[in-house]
Participant: 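Sending over a structure as structure tokens; questions will come in a sec.
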Amino acid sequence: MIIVMQRGASKKEIGDVMREIEGMGYRTHPIYGVERTVIGAIGDERGKARLQKFETSPGVERVIPILKPYKLAGRELRKEKTGIAVGGNAVFGTGTVPVIAGPCSVESLEQVCSTAEAVKAAGATLLRGGAYKPRTSPYAFQGLEEEGLKMLAEARTRTGLPVVTELMKESVLDLVVAYTDVIQIGARNMQNFDLLKAVGQVQKPVLLKRGLASTINEWLMSAEYIMAQGNMNVILCERGIRTFETATRNTLDLSAVPVLKHETHLPVVVDPSHGTGHWEYVEDMALAAIVGGADGLMIEVHPNPHEAWSDGSQSLTFERFATLMQKARRVAEAVGRKV
Ligand code: PEP
Ligand code: MN
């Protein structure tokens, strides 16, 4: 922290502030300028009283944090990128672009297994599917719950694809952990801090989606919640944010990818399905995400999108997904990466 003293602050005021900071266990580093004095407070703030309180001390103008608030997620303390391996055949964050594909909701064993086989044949390395669904309407399909988890597990047995599925409440954490390879925290729960703390206490990788109206800073603070509990395996997922635009379901913020590369060592996945809401736009944004540096993609695929129980309008058919994968491979190669 830097404590900026007011112009004309007295020697006593400066001395009082320094003594109090030192009394709290920090070292002080004063810089005496012609006009004003600035005091650097050096030390780890965790577990100590907050330095922000000096804002109201006599003679103090401002208190400015120097370290980013996301200490574990940020690049200040860890320079090298984090690679997160899932299920032996996919690594996020080390130059390859694993693709997570599958239906929005698990609907039946036949639906999830046929999708798993098709996306695997096309080159996807992970299967997605929701068994607990966060729906806007309480009257909409809410997911098959444990039965859906069992279907996902069966699809994994048949194809070998690791599974990504959403956790919405702590009461089913153990159940979901038992069935899944990656725990998805959905956009609506990005700031459910108790849920974040709970998944921080297990060691399964967590795919943390960006909140509907969350800033990058808030998103990274949510990652920090998980990491502060000991689970360092956090994969961020940009899935679009709310803007004034209505032509797409959300506005896919691809600029978040380079910003995050700068701010964090964690891998960043892009979900153009929820990002656009229309299957017609999914392929273009998926390719753009690869060029933009995404460490992975999440794509919704359904055997018959017209009949899907959720998100049919943004889901790709098997054929369209296969075409997307062919193009993705070429685009990735052009930018020195591999799908
Ligand atoms: C999903 O992945 O199906 C989903 C509900 O995503 P989001 O939380 O990004 O809306
Ligand atoms: Mn969906």
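This one's a predicted model, so the numbers in the text were calculated from it and none came from an experiment. As the structure lists them, so they are numbered: ligands from 1, and atoms in each ligand from 1.
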Participant: Which of the atoms of ligand 1 are close to C104, meaning less than 4.0 Å from one of its heavy atoms?
Facilitator: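 It comes down to these atoms of ligand 1: 3 (O).
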Participant: Ligand 1 and D271, any nitrogen or oxygen pair closer than 3.5 angstrom?
Facilitator: no
Participant: Could you identify the single nearest non-hydrogen protein atom to atom 2 (O) of ligand 1 and state the distance to 0.1 Å?
Facilitator: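 Ranking protein heavy atoms by distance from atom 2 (O) of ligand 1, first comes R128 NH1, 2.7 Å.
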Participant: As an exercise, identify every atom of ligand 1 less than 4.0 angstrom from a heavy atom of E300.
Facilitator: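 Answer for ligand 1: 3 (O).
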Participant: What residue among S273, P305, C104 forms side chain to side chain contact (heavy atoms under 4.5 Å, CB included) with Q314?
Facilitator: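 Testing each of S273, P305, C104 against Q314, the sole residue satisfying side chain to side chain contact (heavy atoms under 4.5 Å, CB included) is S273.
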Participant: What N/O/S atom of D311 gets nearest to the Mn ion (ligand 2)?
Facilitator: OD2
Participant: Looking at G186, which atoms of ligand 1 are within less than 4.0 Å of one of its heavy atoms?
Facilitator: 8 (O)
Participant: Where do V269 and E238 land on the side-chain contact (heavy atoms from CB on, under 4.5 Å) test, with the steps shown first?
Facilitator: CA-CA 6 Å; V269 164; E238 164 61 42; over 6 Å; no
Participant: So R210 and I241, do their side chains get closer than 4.5 Å, heavy atoms only?
Facilitator: yes
Participant: Before accepting this row, confirm whether a basic side-chain N of the pair K327/D284 lies closer than 4.0 Å to the acidic partner's carboxylate O.
Facilitator: no
Participant: Do NZ/NE/NH1/NH2 and the carboxylate oxygens of K169 and D194 come within less than 4.0 Å?
Facilitator: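 Salt bridge: no.
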Participant: Counting each atom of ligand 1 from 1 as listed, which ones have a heavy atom of K209 under 4.0 Å away?
Facilitator: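 Every atom of ligand 1 under 4.0 Å from some heavy atom of K209: 1 (C), 2 (O), 4 (C), 6 (O), 7 (P), 8 (O), 9 (O).
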Participant: If I take atom CD from residue Q52 and atom CZ from residue R62, how far apart are they, to the nearest 0.5 angstrom?
Facilitator: 11.5 Å
Participant: Just going by heavy-atom distances, which of A187, G143, G211 is nearest to atom 8 (O) of ligand 1?
Facilitator: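 Of the listed residues, A187 has the closest heavy atom.
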Participant: Identify which one of R128, R239, K209 satisfies the salt bridge (charged side-chain N to carboxylate O under 4.0 Å, His left out) criterion when paired with D271.
Facilitator: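 Going through the options one by one, the only one that passes is K209.
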Participant: Heavy atoms only: which of K133, R239, E166, E238 is nearest to atom 9 (O) of ligand 1?
Facilitator: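 Closest candidate by heavy-atom distance is R239.
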Participant: Using only N, O or S atoms, tell me which atom of E300 is closest to the Mn ion (ligand 2).
Facilitator: OE2
Participant: Name the closest protein heavy atom to atom 4 (C) of ligand 1, giving the residue it belongs to and the distance to 0.1 Å.
Facilitator: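 Of every protein heavy atom, H274 NE2, 3.4 Å lies nearest to atom 4 (C) of ligand 1.
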Participant: Is the closest basic N to carboxylate O distance between R75 and E263 below 4.0 Å?
Facilitator: no
Participant: Rounded to 10 degrees, what angle sits at the Mn ion (ligand 2) between H274 NE2 and C104 SG?
Facilitator: 170°
